[in-house]
Engineer: 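The structure's right below; bear with me while I get my questions together.
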Amino acid sequence: MKIISFNLNGIRSAAAKGMFTWLDEKQPDIFCVQETKAQPEQIDTITFGSLGYPYRIIHSAQKKGYSGVALFSRIKPDNYTVGTGIPEYDSEGRVIRADFGDLTVICVYVPSGTTGDVRQAVKMAFLEDFMAYLAALRKVRPNLVICGDYNICHKPIDINHPERHTGVSGFLPEEREWFDRLIAGGFVDSFREFNTAPNQYSWWSFRAGSREKNLGWRIDYHIVTESMRARLRSAAIFSDAFFSDHAPVFVEIQ
């Protein structure tokens, strides 16, 4: 199974910039997207269907033009749910879960804390509640793949000039400690199973030259349960998509 996760920074904008042509070339089995910034009726499901993705799960934010996640699949899910059951997060369109055989795929868009203390507090609360959600789900569905934009750089290797960002949301000690606990609890960063090189990023700011100079952050992940480690076949960050400020991340699972 091949899975791509991609923060599109607006699915309608991405579609206008060539997303469908790119997707047709990549041919993933499952395409998880974050920050759709669209209501269900604003998403071109007809074109997704024509490309071989008849199964679509869309979880939009109540606020128009904001947040939102979606999952497009060639494979019919056995079961799916949207949200975590916590209204504060579910109103923002943050989480989708879909079951395929013994595998569960989760698409998540972790809140950003960059706008100030209030949203940073929301982010930290979400992280704790999401970890509890995963722990409960794992008891009945042990094989998890959690795709998405975590809005956290876990290690210094995951961010440019880490010494400059120690007080910045996305690289705060408490965020990185949460990630440490996630990994220690039996999860695996699939990308680092195959690539331990520095300067491998998935997001760049809109500041002029940041992408060209590769002044980026790695905040997009496929995190899998330890039980999935032996089933990992490859993982990568694609560098050929330019219709978002993020890069798509890829994982292949047996």
Side-chain angles (χ1 to χ4, degrees), residues 1-61 63-77 80 82 92-100 103 105-110 145-151 190-191 200-206 210-212 216 218-222 233-253:
M1 179 181 287
K2 298 178 180 180
I3 306 172
I4 290 176
S5 179
F6 201 172
N7 180 316
L8 295 175
N9 191 26
I11 194 169
R12 290 170 290 174
S13 173
K17 295 175 182 176
M19 177 192 73
F20 285 121
T21 299
W22 179 88
L23 180 63
D24 195 33
E25 292 172 354
K26 296 301 181 187
Q27 296 281 317
D29 297 299
I30 297 173
F31 186 44
C32 292
V33 299
Q34 304 86 42
E35 207 169 359
T36 57
K37 296 184 178 180
Q39 298 301 301
E41 66 274 11
Q42 296 175 311
I43 295 175
D44 185 358
T45 56
I46 293 175
T47 300
F48 275 109
S50 72
L51 295 178
Y53 297 92
Y55 305 106
R56 285 92 64 177
I57 308 167
I58 298 169
H59 184 29
S60 299
K63 179 181 177 181
K64 293 184 177 180
Y66 177 73
S67 189
V69 291
L71 184 153
F72 304 91
S73 178
R74 298 184 181 279
I75 308 162
K76 184 178 180 179
Y80 72 87
V82 297
E92 295 187 349
R94 296 284 174 189
V95 177
I96 287 171
R97 163 199 166 185
D99 300 337
F100 302 89
L103 176 67
V105 176
I106 297 169
C107 179
V108 62
Y109 179 35
V110 173
V145 181
I146 306 129
C147 319
D149 178 355
Y150 285 61
N151 267 313
S190 63
F191 179 75
Q200 306 292 306
Y201 305 131
S202 66
W203 176 80
W204 300 264
S205 75
F206 286 114
S210 68
R211 192 158 190 167
E212 292 76 11
R218 190 172 76 96
I219 58 176
D220 302 271
Y221 301 82
H222 291 286
R233 291 295 170 262
S234 64
I237 300 172
F238 288 137
S239 60
D240 60 348
F242 299 95
F243 35 86
S244 172
D245 53 341
H246 289 249
V249 294
F250 167 83
V251 70
E252 183 176 7
I253 296 165

Engineer: Measure the OG-OH distance between Ser60 and Tyr66 for me, rounded to the nearest 0.5 Å.
Structural biologist: 13.5 Å
Engineer: Once rounded to the nearest 0.5 Å, what's the spacing between atom CG of Leu71 and atom CZ of Arg56?
Structural biologist: 12.0 Å
Engineer: Look only at the side chain of Asn7 and the backbone of Glu35, and say whether a donor-acceptor pair between them is shorter than 3.5 Å.
Structural biologist: no
Engineer: So Asp220 and Ser5, side-chain contact (heavy atoms from CB on, under 4.5 Å) or not? Walk me through it.
Structural biologist: CA-CA 8 Å; Asp220 302 271; Ser5 179; 5.8 Å; no
Engineer: Kindly give the heavy-atom pair with the smallest separation between Lys2 and Glu252, and that separation in Å.
Structural biologist: CE-OE2, 3.6 Å
Engineer: Before you tell me yes or no, could you show the steps for Trp204 and Asp245 under side chain to side chain donor-acceptor pair (under 3.5 Å), namely the whole-Å CA-CA distance, both residues' side-chain angles and the distance that decides it to 0.1 Å?
Structural biologist: CA-CA 6 Å; Trp204 300 264; Asp245 53 341; over 6 Å; no
Engineer: Restricting to side chain to side chain donor-acceptor pair (under 3.5 Å), what partner residues turn up for Tyr221, sequence neighbours left out?
Structural biologist: none
Engineer: Mind listing the closest non-hydrogen atom pair of Val249 and His222 along with its distance?
Structural biologist: O-NE2, 3.1 Å
Engineer: Of the non-hydrogen atoms in Tyr80 and Pro77, which two are nearest, and what is the gap between them?
Structural biologist: CD2-CG, 4.4 Å
Engineer: Taking all atoms of both residues into account, what is the closest heavy-atom pair of Val33 and Cys107, and its distance?
Structural biologist: O-SG, 3.4 Å
Engineer: Before giving the answer on side-chain contact (heavy atoms from CB on, under 4.5 Å), spell out for Ile30 and Phe100 the whole-Å C-alpha distance, their side-chain angles and the decisive distance to 0.1 Å.
Structural biologist: CA-CA 11 Å; Ile30 297 173; Phe100 302 89; 3.6 Å; yes
Engineer: Output the distance between atom OG (Ser190) and atom CZ (Phe250), rounded to the nearest 0.5 Å.
Structural biologist: 10.0 Å
Engineer: Can you check whether Ile237 reaches Arg218 side chain to side chain, under 4.5 Å on heavy atoms?
Structural biologist: yes
Engineer: Does His246 use its side chain to pair, donor to acceptor, with the backbone of Asn9 at less than 3.5 Å?
Structural biologist: no
Engineer: Quick one: CD on Gln34 to CD1 on Ile96, what's the gap to the nearest 0.5 Å?
Structural biologist: 9.5 Å
Engineer: Does the pair Ile58 and Thr36 meet the rule for a side-chain contact (heavy atoms from CB on, under 4.5 Å), with working shown?
Structural biologist: CA-CA 9 Å; Ile58 298 169; Thr36 57; 5.9 Å; no
Engineer: Side-chain contact test, heavy atoms from C-beta onward, threshold under 4.5 Å: evaluate it for Ile219 versus Asp149 and give yes or no.
Structural biologist: yes
Engineer: What do you reckon, are the aromatic ring centroids of Phe6 and Phe243 less than 6.0 Å apart?
Structural biologist: yes
Engineer: Mind checking whether Tyr53 and Leu23 have side chains closer than 4.5 Å, heavy atoms only?
Structural biologist: yes
Engineer: Using side-chain heavy atoms (C-beta onward) and a distance below 4.5 Å, is Phe20 in contact with Asp44?
Structural biologist: yes
Engineer: To the closest 0.5 Å, what do you measure between CD1 (Ile57) and CZ (Phe72)?
Structural biologist: 10.0 Å
Engineer: So is Arg94 actually on top of Tyr109's ring, under 6.0 Å and inside 45° of the axis?
Structural biologist: yes
Engineer: Would you please name every residue forming a side chain to side chain contact (heavy atoms under 4.5 Å, CB included) with Lys26, sequence neighbours left out?
Structural biologist: Ile4, Trp22, Pro28, Phe238, Asp240
Engineer: To the nearest 0.5 Å, tell me how far Ile106 CD1 sits from Ile146 CD1.
Structural biologist: 5.0 Å
Engineer: Would you mind reporting whether Val69 and Val108 have side-chain heavy atoms less than 4.5 Å apart?
Structural biologist: no
Engineer: In sequence, state the C-alpha distance, the side-chain angles, and the governing distance for Phe191 and Ser202, and then conclude on side-chain contact (heavy atoms from CB on, under 4.5 Å).
Structural biologist: CA-CA 11 Å; Phe191 179 75; Ser202 66; over 6 Å; no
Engineer: Can you confirm if the NZ or CZ of Arg74 lies within 45° of the ring axis of Tyr55 and under 6.0 Å from the centre of its six-membered ring?
Structural biologist: no
Engineer: Check side chain to side chain contact (heavy atoms under 4.5 Å, CB included) between Ala38 and all other residues, then give those that pass, not counting sequence neighbours.
Structural biologist: Ile11, Arg12, Gln42, Ile43
